[in-house]
Each structure stands twice: as C-alpha cells, then as structure tokens.
Protein chains: 2
Amino acid sequence: MRASDPARTSTRATHQPEDGRLLRGARSRARIREAARALFQERGFDAATLRAIAARAGMGASSIYRHVQSKHELLVLELADLQEEAWLDFRRQDVRATPTRERIQKFFQSQHELLARHPDLTVIAIRATTYPDSRISARVLALNDRTIGLLAEILQGGRAQGDLDPRVDLLAAARALFHAAIGARISWANGLLTESACRTAIEGTVELLFRGLGRAEGSG
Amino acid sequence: MRASDPARTSTRATHQPEDGRLLRGARSRARIREAARALFQERGFDAATLRAIAARAGMGASSIYRHVQSKHELLVLELADLQEEAWLDFRRQDVRATPTRERIQKFFQSQHELLARHPDLTVIAIRATTYPDSRISARVLALNDRTIGLLAEILQGGRAQGDLDPRVDLLAAARALFHAAIGARISWANGLLTESACRTAIEGTVELLFRGLGRAEGSG
DNA sequence: CAATCTATGCGATCCTGTTCGCACACATGC
DNA sequence: GCATGTGTGCGAACAGGATCGCATAGATTG
C-alpha cells in the first residue's frame with residue numbers, strides 16, 4: 001500500500017500527537033486552504049491555477065496532492081465550512097414556534113446571503129457532482145443531503161404542529177425545495193438572474209410548494 | 001476578422017449552395033458528430049478523447065475546432081436531438097383532455113426513457129452549465145428553458161380546464177418540476193438511485209407539487 | 001491566368017490537472 | 001547506531017482540451 005492516503009486525515013493510533021511530520025503536514029494543509037480560498041475569491045475557481053495556489057502556499061504544485069485528492073476537493077472544503085456557517089446562522093435566529101413556511105424561507109435567506117458572496121461555491125460544487133466516479137462527487141452529494149435533512153427536519157416540525165398535510169413525503173419535499181433552489185442559483189451564476197431575482201425565485205418556489213398546485217376544493 | 005467562425009453554421013449569402021468547400025465542411029461535421037455519438041455511447045463523455053473522436057472521424061484533433069467550439073458542444077448537439085425526440089414522442093401520445101397531472105407524468109416518462117439510455121447526456125449537460133462564461137452554458141440553459149416552457153404549456157392547459165389553482169405561477173411551477181427532476185437524475189447518475197427509483201422520485205415530486213404541501217383546509 | 005479571399009485541415013504548442021519516481025525528514029524497533 | 005516504515009516535498013512527465021500559424025483547395029474577381 002502507498003504511504004499516505006490523503007483520504008484519511010492521518011493521525012493513526014500509533015502516532016504521538018506531536019509527531020513532527022504530522023505537525024508539518026497540518027501546517028501545510030492550513031497554508032494550502034488559505035491560499036486556495038484567497039485565490040478562488042480573487043480569480044474564481046477556474047482561473048485559480050493549482051500551480052498558483054501552490055506557489056502562494058509556498059510549495060510545489062504536486063505537493064498539494066499529498067493533502068488533497070483533487071482541486072475540486074479544495075472547493076468542497078470551503079463549501080462545507082460555508083454550509084456549517086449558514087446552519088449556525090440559521091439556528092441562531094430560528095424560532096421553532098414560527099410558521100414552517102417562514103422558517104424555511106429564513107433558512108434559504110441565510111444560505112443565500114453567504115453564497116451570494118462566493119459565486120463559485122454553488123456552481124463548482126454542482127460541477128463536481130457530474131464526475132460520477134470521483135469520490136468528490138459523493139462528498140458533495142453528502143453535503144447536499146445534510147442540507148436536505150435540515151430542511152426535512154424543519155418540515156417535520158411543521159407536521160408535528162399540524163402545519164402540514166400529514167400525508168406528504170417530507171424528504172421528497174425537502175429535496176424538491178433544495179433542487180429548485182439550486183436551479184435558480186445556476187441561472188444566477190450564469191447571469192440570467194440578478195441576485196435578488198434569484199432570491200425571489202427561491203421564495204416563490206417555497207410559496208408554491210406550500211400553497212400546492214392542485215386546486216384545493218373549498219379554497220378557490 | 002478570422003476566416004470562419006464556428007459559431008455560425010456558415011452559408012453566407014455570397015456562397016453558392018454547391019460550394020465545394022462548404023459541402024466538404026458539412027460532410028466533416030457529419031462525420032464528427034457520428035464519431036462523437038458513437039464514442040460517447042461506447043466509453044462515456046470523459047473517456048472519449050477528442051483525439052479519438054477526431055481519429056474516428058478521419059481527421060486531426062485540431063480540425064474539429066473548425067466545426068465546434070468545444071467538446072461540450074458535441075454533447076449539447078446530441079442533447080438537443082434527444083430532447084427533440086422526447087418531445088415528439090410525448091406529443092405523439094399526448095391527449096390534451098387527460099388530467100394535467102397525468103400529462104406531466106407522461107412527459108417525464110418519455111424523457112426518462114430516452115435519457116436512461118444515454119447516461120452522460122443529463123450529467124454532462126449540467127456540467128456545461130457550470131462554466132458560466134462559456135457560450136455552451138447558455139445553449140444548455142436555453143434547451144432547459146424550452147423544456148420548462150413545454151411543461152408550463154401543459155400546466156397552462158390544465159389551468160384552462162380548471163384543473164389548477166388559478167393563482168399559481170405556472171412558470172415557477174414548471175421550473176420547480178424540472179429542477180427537481182434534474183436533482184433526481186444526478187443521484188441516479190452517481191449510483192445513489194436505481195433507474196426505476198429515479199423515475200419514482202420524479203413521479204413523487206409531481207404528485208407532491210400537485211397535491212400541495214400546505215394543509216388544505218377541508219381536505220384532511 | 002493571376003491575385004485574392006475563404007473554408008477547411010494539420011502539426012506543433014500551450015495550459016493545466018494529475019501521476020510518478022525519487023529524495024529527505026522524522027519516528028520506531030532491534 | 002542501523003534498518004525499516006511512514007509522512008512530506010519536489011521536479012519531471014503525462015494526458016487531454018484548446019490555440020496558433022501555416023498550408024491547401026476551392027471560389028471569385030478582373
């Protein structure tokens with residue numbers, strides 16, 4: 001087997017925590033991530049060359065692959081951080097008693113606010129999911145699933161309070177919301193939608209799903 | 001200005017229709033498309049090298065760029081054909097009098113049947129939309145919009161027959177359906193969903209949107 | 001026919017993500 | 001201290017998509 005496998009974050013049981021090599025590696029990883037983040041922000045993902053990232057991190061390009069499986073992974077790491085941030089942001093201001101629809105809206109707002117500042121994150125993450133046999137693809141999908149899970153959790157709360165039709169498949173609903181939001185963001189990233197139009201579109205989808213498309217007999 | 005611009009399909013007014021050069025070009029394009037289609041099918045998009053496509057088409061790799069802007073474009077051409085086929089297939093068996101929900105379901109079935117045979121088409125098309133400054137991205141989005149338009153048209157018919165709540169934004173609904181379907185297909189392409197599970201998921205989304213998420217007072 | 005323009009084709013080359021083989025540093029076991 | 005194993009780094013090389021400059025065949029003009 002090859003020496004180090006970038007997949008695992010090292011630190012085997014046999015190693016002392018102050019192993020010089022591991023410390024060095026950890027510092028390198030930190031420098032790489034910092035360089036990547038800065039360059040993605042400055043030039044965008046595609047224009048941020050791996051060699052440029054490496055240079056800013058003070059190392060050769062190939063060395064990056066000791067710590068990361070692919071360039072996409074660098075972005076996925078950012079995405080994970082940002083998603084965490086969006087969740088914290090949401091949870092901080094979430095009140096479980098508010099109507100479910102509003103809670104969902106708030107969540108998308110939190111997310112949108114952060115994503116709007118990092119145009120690449122959404123789009124390149126989507127791109128990553130189009131390399132089906134790469135491990136990065138699975139990572140992104142897992143992140144997505146976590147977001148979908150949070151949405152489902154909110155919906156679940158709504159059901160418990162009788163806000164929602166008890167028959168609907170909440171996970172399916174969460175997925176639909178999530179993917180619709182992504183669709184809107186792709187349009188935004190491609191310049192077909194302004195940032196606020198994108199937000200409005202997402203809001204519209206939420207309303208749509210909540211109102212229901214079919215004519216509810218007795219509400220027309 | 002450069003001589004030939006691959007963007008336009010040549011044939012300027014000044015040229016006779018039997019201009020030998022243009023005929024030759026047309027034949028080359030045909031060979032390229034055939035080679036690309038075959039290799040995409042055999043090996044998948046990523047494994048189908050441009051040099052291999054060129055070889056099978058009987059020309060040098062760089063010559064392809066006389067006729068096409070990028071490798072992605074070769075796929076988009078396939079996608080456009082396939083979409084046309086899906087529409088024809090749908091229209092052939094569509095009966096306007098059937099309930100709207102069923103018509104929508106049928107449409108997705110038509111589409112799904114064709115896409116299931118060409119795993120790359122959906123996924124790589126999505127990837128293409130993640131290169132925001134390329135022209136291919138816009139082409140794919142335009143194709144998507146056409147599909148969304150067709151869905152909206154069906155919904156419109158439903159509204160005319162009183163099947164649907166007159167207040168909903170049909171375009172937004174069409175978009176939501178479309179993007180939810182794409183989301184399911186990405187999962188399918190990544191092996192998280194079997195083909196039939198993917199179809200079921202799409203059906204579920206349609207049902208969901210039609211039933212409506214919010215509790216319709218008087219239906220529980 | 002000569003001069004010119006245009007559509008097509010080609011090989012060399014570039015760029016960039018990624019892999020490879022080797023070297024070095026540190027840690028561990030004898 | 002020496003052999004061995006492991007974590008890290010590097011430069012060279014590879015692969016594949018894209019670009020460039022030049023060549024050629026056919027069309028057009030005079």
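No hydrogens, no waters, no symmetry mates; every other heavy atom, side chains included, goes into these values.
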_d(CZ, R24(B); P, dT24(D)) in whole Å_ = 13 Å
*Residue among Q156(A), E153(A), R175(A) satisfying side chain to side chain contact (heavy atoms under 4.5 Å, CB included) with L170(A)*: Q156(A)
*Judged by atom type as modelled, is there a donor-acceptor pair below 3.5 Å linking the side chain of T194(A) to the main-chain atoms of A197(A)?*
yes
_Just to be sure I understand the rule, does L50(B) reach a base, reach only the sugar-phosphate, or reach nothing, if contact means heavy atoms closer than 4.0 Å?_
sugar-phosphate
*Indicate whether OP1 or OP2 belonging to dG9(D) is found under 4.0 Å from a side-chain N or O atom of S28(A).*
yes
*State which of dC20(D), dG17(D), dG9(C) makes the closest approach to the side chain of K71(B).*
dG17(D)
*asked:* It should be established whether S70(A) places a side-chain nitrogen or oxygen under 4.0 Å from OP1 or OP2 of nucleotide dG17(C).
replied: no
*Are Q111(B) and Q83(B) close enough that a side-chain donor and a side-chain acceptor fall under 3.5 Å?*
no
*Between S63(A) and R51(A), which is nearer to the 5' end of DNA chain D once each is assigned its nearest nucleotide?*
S63(A)
_Checking H67(A) against R29(A): is there a side-chain donor and acceptor pair closer than 3.5 Å?_
yes
_Can you measure L23(B) atom CG to dA25(D) atom P for me and round it to whole angstrom units?_
17 Å
*asked:* Is a donor from one side chain sitting under 3.5 angstrom from an acceptor on the other, for Q41(B) and H118(B)?
replied: yes
*When the distance from CG of D46(B) to C1' of dT18(C) is rounded to whole Å, what number comes out?*
14 Å
_Atom-to-atom span, CG of L74(A) to P of dT16(C) - whole angstrom_ = 16 Å
*Can you figure out which of dT19(D), dG21(D), dC20(C) approaches the side chain of S62(B) most closely?*
dT19(D)
*Closer than 4.0 Å, any side-chain N/O of H67(B) to the OP1 or OP2 of dA7(C)?*
no
*Whole-Å gap separating P (dT18(C)) and OH (Y65(A))*: 3 Å
*Check the distance between dG17(D)'s P and Q69(B)'s CD and give it to me in whole angstrom.*
16 Å
*I136(A) has an atom CD1; how far is it from atom P of dG17(C), in whole Å?*
15 Å
*Report yes if a side-chain nitrogen or oxygen of H72(A) is closer than 4.0 Å to either non-bridging phosphate oxygen (OP1 or OP2) of dG17(C); otherwise report no.*
no
*To the nearest Å, give me how far apart CZ (R27(B)) and P (dA7(C)) are.*
17 Å
